[in-house]
Amino acid sequence: MKTRIILNSALLALSTFAAINAWADGSPVGLWKNIDDATGKPKALIRITENDGELKGKIEKLFRAPEEDQNPKCEKCEGALKDQPVIGMTILSGLKKDGDEYNGGHILDPANGKLYKSKLTVVEDGAKLKVRGYIGMPMLGRTQTWVREE
């Protein structure tokens, strides 16, 4: 029993250290709360991972009013994502490091089913993420601020 407690404590310490280390080096890898740019309220938790230098973001949780569907489907999405659950959906993909920001990717807005070009920048010493979705060129879009959760 004592060995299990020590092992669990060591694993917790290692995972905390890994999260702090990713945060300290300015990496966007981790769990983020996205904030609606119109209402200022949290919308979802998105987990960003990196594989072979490419970032992906998957929705882990939605913040919805009690009267709203707690497990909505992407009704307005097209193709393979049509009518798929929003929770668990990859909405951010293809981003690669380019200087101080990540470019060349796409972001999906499950509310309208549209796919936008995307870029992101880690700000405030890794505490926040500026995520921009746009059509054509970056100045034709909108930016959301995401707040690091871990």
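With a 4.5 Å cut-off on side-chain heavy atoms, Lys96 and Asn103 do not count as touching. Contact annotation: the side chain of Cys74 approaches that of Met89 to within less than 4.5 Å [non-hydrogen atoms, C-beta and beyond]. Looking at heavy atoms from C-beta onward, Pro110 lies in side-chain contact with Ile59 at the 4.5 angstrom threshold.
By the criterion of side-chain heavy atoms lying less than 4.5 angstrom apart, applied directly or through intervening Ile, Leu, Val, Met, Phe, Trp or Tyr residues, Leu108 is not grouped with Phe63; the two fall into different hydrophobic clusters. Residue Leu31 is not grouped with residue Leu55 when hydrophobic side chains (ILVMFWY) are merged at heavy-atom distances under 4.5 angstrom, including chains of intermediate members. Note on Val131: it clusters hydrophobically with Leu115, by side-chain heavy-atom contacts below 4.5 Å among ILVMFWY residues.
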query = Going through the distances and angles, do Leu92 and Ile46 end up as a side-chain contact (heavy atoms from CB on, under 4.5 Å)?
reply = CA-CA 9 Å; Leu92 190 66; Ile46 298 106; 5.5 Å; no
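Of the inter-residue distances, the one linking Lys117 atom NZ with Leu140 atom CG reads 10.5 Å to the nearest 0.5 angstrom. Note that CZ of Arg148 and OG of Ser27 are 6.5 Å apart. Values are rounded to the nearest 0.5 Å. Here the CD1 atom belonging to Ile91 is positioned 8.0 Å from the CG atom belonging to Asp109, to the nearest 0.5 angstrom. Atom-to-atom distance recorded for His106:NE2 and Lys114:NZ is 15.0 Å, nearest 0.5 angstrom. Interatomic distance, Lys130 NZ to Glu124 CD, rounded to the nearest 0.5 Å: 7.0 Å. Atom CH2 in Trp32 sits 10.0 Å away from atom CD in Glu149 (nearest 0.5 Å).
With Asn34 contributing its side chain and Ala44 its backbone, the two residues share a donor-acceptor pair below 3.5 Å. With hydrogens and angles ignored, the 3.5 Å screen pairs a side-chain donor or acceptor of Ser118 with a backbone N or O of Arg132.
A salt bridge (charged side-chain N to carboxylate O under 4.0 Å, His left out) check over residues 47-58, counting only residues at least two apart or in different chains, returns the pairs Arg47-Glu60, Arg47-Glu150. For the salt bridge (charged side-chain N to carboxylate O under 4.0 Å, His left out) condition, no pair includes a residue of residues 73-94, sequence neighbours left out.
Across Gly105 and Leu95, no two heavy atoms sit closer than the pair N-CD2, 3.6 Å.
Partner of Trp146 under the side-chain contact (heavy atoms from CB on, under 4.5 Å) criterion, chosen from Leu120, Ile35, Leu45, Ile48: Ile48.
Annotation for Lys43: atom NZ counts as buried by contact number, over 12 foreign heavy atoms lying within 6.0 Å. Remark: Asp100 CG is loosely packed, at most 12 non-hydrogen atoms of other residues, nucleotides or ligands lying under 6.0 Å away.
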